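The structure presented is a predicted model; accordingly, all values stated were derived computationally and were not measured. The chains referred to below are lettered A, B, ... by the order of the sequence lines, with proteins before strands, and numbering in each begins at 1.
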Number of protein chains: 2
Amino acid sequence: MPIERKLKYSKLQYEARARVAKALAHPSRLLILDAIADGEKCVCELTELVDADQSTVSKHLAILKQAGIIADRKDRSKTFYRPTICCLKGFWECIESVLKENLKAQQAAMGR
Amino acid sequence: MPIERKLKYSKLQYEARARVAKALAHPSRLLILDAIADGEKCVCELTELVDADQSTVSKHLAILKQAGIIADRKDRSKTFYRPTICCLKGFWECIESVLKENLKAQQAAMGR
DNA sequence: TCGGCATATGGCTATTATGCCATGAGACAA
DNA sequence: TTGTCTCATGGCATAATAGCCATATGCCGA
């Protein structure tokens with residue numbers, strides 16, 4: 001039996017998933033997602049929050065948009081970004097659990 | 001009001017989250033997580049599944065372990081890896097939704 | 001003890017990611 | 001038209017990743 005048969009998904013499918021995960025794997029991008037969770041924000045607002053060069057923030061936004069995680073709306077000279085999906089909750093919860101477990105394990109190791 | 005106040009979390013917290021997300025952001029590592037979801041596997045089995053050099057797989061495993069996502073158990077000369085957390089479901093579902101939405105958007109664009 | 005299997009790690013190279021500066025492009029007001 | 005504000009993009013330097021080979025380490029069995 002070819003090894004591929006033992007996998008639940010194809011390599012291509014894992015690559016597609018990794019592309020999305022990669023877009024989420026940067027502190028500034030997580031901050032941005034949190035910031036627009038309650039409502040759209042323009043690039044200038046996000047630039048202030050992230051505290052980096054405007055071009056840097058713009059590139060982060062392009063990465064998130066390319067991954068299909070956010071969408072934009074242009075109004076006059078501004079561009080507003082918003083999440084396209086509501087499912088990020090599951091993502092956050094997962095990350096949180098890992099961090100919480102790590103903390104627990106760390107404390108257990110300290111008390112040993 | 002300092003900008004930091006406008007953030008839900010501190011920069012450090014976003015960095016901690018990003019570190020976990022980064023560990024998840026590689027096709028081979030996602031494949032590995034899927035492979036051990038049903039039960040632990042040794043490095044040699046995983047090496048075969050991932051189809052890369054044994055040293056490469058070993059490094060991927062070290063990254064996942066360092067992030068607190070998997071744990072290992074040594075038995076004789078083998079090392080078995082297993083997930084430490086059950087919460088990866090939320091992560092998968094999130095990624096899946098994004099991909100599904102992207103597909104929908106793509107199809108809508110085609111039919112336009 | 002010697003040899004072989006299973007893993008982990010160091011070293012090195014190639015690729016990719018990040019971030020800033022400079023600049024291009026569009027919208028709008030004077 | 002000109003200047004300004006907002007945002008996107010090209011260019012470039014630096015840092016981080018990924019992957020392989022070679023090799024060290026540990027655990028047996030002969």
Categorize [X] for me: base, sugar-phosphate, or nothing, with a 4.0 angstrom heavy-atom threshold over every strand shown.
{"X": "Ser58(B)", "answer": "base"}
{"X": "Ser55(B)", "answer": "base"}
{"X": "Tyr81(A)", "answer": "sugar-phosphate"}
{"X": "Lys65(B)", "answer": "nothing"}

- Task: Measure from CG on Leu61(B) to C1' on dA8(C) and round the result to the nearest Å.
- Result: 11 Å
- Message: Check the phosphate of dT17(D) against His60(B), side-chain N and O only, distance under 4.0 Å to OP1 or OP2. Yes or no?
- Response: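 Checking dT17(D) against His60(B), no side-chain N or O comes under 4.0 Å of OP1 or OP2.
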Considering only side-chain heavy atoms of [X], which listed nucleotide, [options], is closest?
{"X": "Arg76(A)", "options": "dC28(C), dG11(C), dT7(C)", "answer": "dC28(C)"}
{"X": "Lys78(B)", "options": "dC20(D), dA18(D), dA6(C)", "answer": "dA6(C)"}
{"X": "Gln54(B)", "options": "dG11(D), dA8(C), dT9(C)", "answer": "dA8(C)"}

- Item | Charged N-O contact under 4.0 Å between Lys89(B) and Glu93(B) | yes
- Query: Is a salt bridge present between Asp34(B) and Arg29(B), judged by a nitrogen-to-oxygen distance below 4.0 Å?
  - Reply: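 Salt bridge between Asp34(B) and Arg29(B), a charged N being under 4.0 Å from a carboxylate O: no.
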- Are Arg82(B) and Ile70(B) side-chain neighbours, meaning at least one heavy-atom pair lies under 4.5 Å?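 SC-SC contact between Arg82(B) and Ile70(B) ruled out.
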